[in-house]
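Here's the structure we're looking at; comments come further down.
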Amino acid sequence: MHFSIPSRSADQTTLPGSPSFKAKSRASSHRTGYAPSFFARLRSLILHPAPPLQSSTTPEKKRQSTRRTTVSVLVIAVFAVVAIFFTIMYVLFANIATLDPTGPRVVLVLGLDNTKYKDDYLAKIVENRKEYADAHGYGLYVRYVSDFKNLVHDVTKQGWQKLPLMRSAMQANPGSTYFWYLDQNAIIMNPNLDIESHITDVKRLNSLVLRDVPVVPPDSTIRTYRHVPADRMKFIIAQDHEGFQTGSFILKNEEYSWYVLDAWFDKLYQEYKFQKDEKGALEHLAQWHPTVLSKMAIIPQRIFNAYPNGVGESMYQDGDFVASLSGCDTPERSCLREFERLWDNRGRVVN
Amino acid sequence: MKDKDDYLFSPASRTSRMLNRLRRLPTRLRQVLLRRRILFVLLLVVLCYSIFANSGVPFFPRFPWGSSKFVIILAVNQGGGVMQWKGPKEWAVERTSIANKKAYADRHGYHLAIQDMSIKKRYAHEWRESWEKVDVIRQTMKQYPKAEWFWWLDLHTYIMEPSISLEKQVFNRLDNNTYRSLIDYNPLNLPVEIPFVDSTHQINLIVPQDCGGFNLGSFLIRRSEWTDFLLDIWWDPVFYEQRHMQWEHKEQDALEHMYSNQAWIRSGTAFIPQRLINSFPDGACAEQRGDKRIFYNQDEHDFVVNMAGCEWGRDCYGEMEHFKKLSAALQRKSWWRPFSK
């Protein structure tokens, strides 16, 4: 056994002193290299631990390697700075960068007619809506209906003006989901009820929806769908004994609502002289176009459109949400008198 | 004979010998690749072309991806021979048109739905007479549930440049190829602006305008919720009752009416310059002769020619034969076109 310093190149597979060094001459035609047995290598490693390799770098190579390391350090530093910069920008401005608009989840829509009604009456109506909207964090969209008189075919038929009004409200509040149109001649009598738990919440709506009822009472052939689930309903409206009551309805701010409002407001429907004006047009739409009817939910009238002088199921009772004075501008009735009676009896917000 | 000492773990069986050979396989492959570099690059290019080049590069083996997202709806058998006799010329025209669309659809992997448009006179004024286009589109959408775009073609049309795919002609640069505003070209004098239009809405209907209004002889419609609403509201008894005497072109006029009155329709409709998918022969729109926006231009290799109105006063058979020969001659003259684009 003799010791020897291993040669410069470190890629020798065997140490010269190991016994299997002698086996180099043995025939091993299928191999180009030479591999000693496992135990022999182990033994030689234990007995002759390899001394540290001498560094063979010249000063020239040293300078090159330091330059290379400097460059790589610089590159890493640049990347790190850029990454930190973008992270900071993202954290600070991510909210601004997103395009989804935000807004109150529910918006009340009110159209005021200042040609027939006095300003103090209108002010009281607005106050009533504002109190309700403030209590629940809802939005309130108020316009004069005369703003839309150029779009309407027959200005004397007031009912049509609510359609461009709703469309305008939806366009002005792209971040809001539910839009509740409530006629000017109606009072929110119980402002402690909120729209979502009272009407639009899916489970609640499912329990309210009237299924398999004739679209035009008492006995039209077309009836509401039986199996459409409530989460697909986008148009919530009530019926009285005559037909659809368009004084109070809820629409979701989606493609469906824009389609329904625009189709409903079409010039040919306005010119057709339906007996019930826009109510008749809606009944026509619901009966002839299943894409409209399939997403309509008809709910009991007392939920959000009760009549104080109604009969039977539509009659307003204490604690009901809304009292509607619709039809009060006929000669037999007086809007102001009925309004005063209800106004003093209305409920206030309980904090 | 191999020595047991020669291996760290001596190979006891044939499997480990084979594993050894496998281990050396990558090196063998690498050597072959390096030696035959050019060959491998060429093979790779051919493979990529076969898989990815959807528009027919001729003579390359093509692997179609699967169900196409384009369906061509070809309306044949207009009238079904009820109002007019279908003679040999009418049959010839129909054969030519169908063969042309079939070849085009096969070349690009599109579906072709040949729909029968014979007159169904069930109840006059109640059945949607002449609104059958709407019902046919709805039916075809049900038949091809995975397709996205549907291209309606009337019978008297001819695809002059079959090497151009729909993606290349229309969809790759959809926003550049279509226009949404009537400011520049408004042959019907429709109101240019109406309130509540959303100009960022997705385009669901692409319609060309000709000298007299919208032209539904060749148009594109996309499967969407908006389209469901359109196909439902397109025919309405109140509209029909008031206007069917004035609406000569039936569903075309109904669409023009809805476009001028209903904002949601404007939001989803875009116009395409007529010569992109609906060029006219010289006989149609005769009053506007010379208008560069309307007529088929063979020097610019217009895509489709629509011989609209040829059954009233012109010769459908003659025109169809003329365009068939012209198309064949153009393909022969510029055989290099599919490779250049």
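Letters go in sequence order (proteins before strands), and every chain restarts at 1.
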Just wondering, more than 12 heavy atoms not from [X] lying within 6.0 Å of its [atom1]?
X         : atom1 : value
Arg173(B) : CZ    : no
Asn176(B) : CG    : yes
Gln246(B) : CD    : yes
Tyr144(A) : OH    : no

Go through the atoms of His284(A) and report whether side chain, backbone, both or neither lie under 4.5 Å from a heavy atom of chain B. side chain
Between Leu261(A) and chain B, which part of the residue has a heavy atom less than 4.5 Å away: side chain, backbone, both or neither? neither
Asp236(B) and His289(A) have their tightest heavy-atom pair at OD1-NE2, 2.6 Å
Members of residues 267-277 of chain A whose heavy atoms come closer than 4.5 Å to chain B: Lys267(A), Leu268(A), Tyr269(A), Glu271(A), Tyr272(A), Phe274(A)
Step-by-step side-chain contact (heavy atoms from CB on, under 4.5 Å) determination, Phe229(B) to Val260(A): CA-CA 9 Å; Phe229(B) 296 151; Val260(A) 168; over 6 Å; no
Would you tabulate the side-chain donor-acceptor contacts of residues 194-201 of chain B under 3.5 Å, counting partners in other chains and residues two or more places apart, or write 'none'?
unit_1    : atom_1 : unit_2    : atom_2 : d
Asp198(B) : OD1    : Thr200(B) : N      : 3.0
Asp198(B) : OD1    : Thr200(B) : OG1    : 2.7
His201(B) : NE2    : Glu255(A) : OE1    : 2.7
His201(B) : NE2    : Glu255(A) : OE2    : 3.2

Would you sort out whether Tyr259(A) and Ile233(B) count as a side-chain contact (heavy atoms from CB on, under 4.5 Å), showing the intermediate values? CA-CA 9 Å; Tyr259(A) 151 61; Ile233(B) 196 84; 4.0 Å; yes
Sort by residue number and list every member of residues 255-269 of chain B having a non-hydrogen atom under 4.5 Å from chain A. His257(B), Asn261(B), Gln262(B), Ala263(B), Trp264(B)
N/O donor to acceptor pairs below 3.5 angstrom from side-chain atoms of residues 227-237 of chain A, sequence neighbours left out:
unit_1    : atom_1 : unit_2    : atom_2 : d
Lys234(A) : NZ     : Glu254(A) : OE1    : 2.6

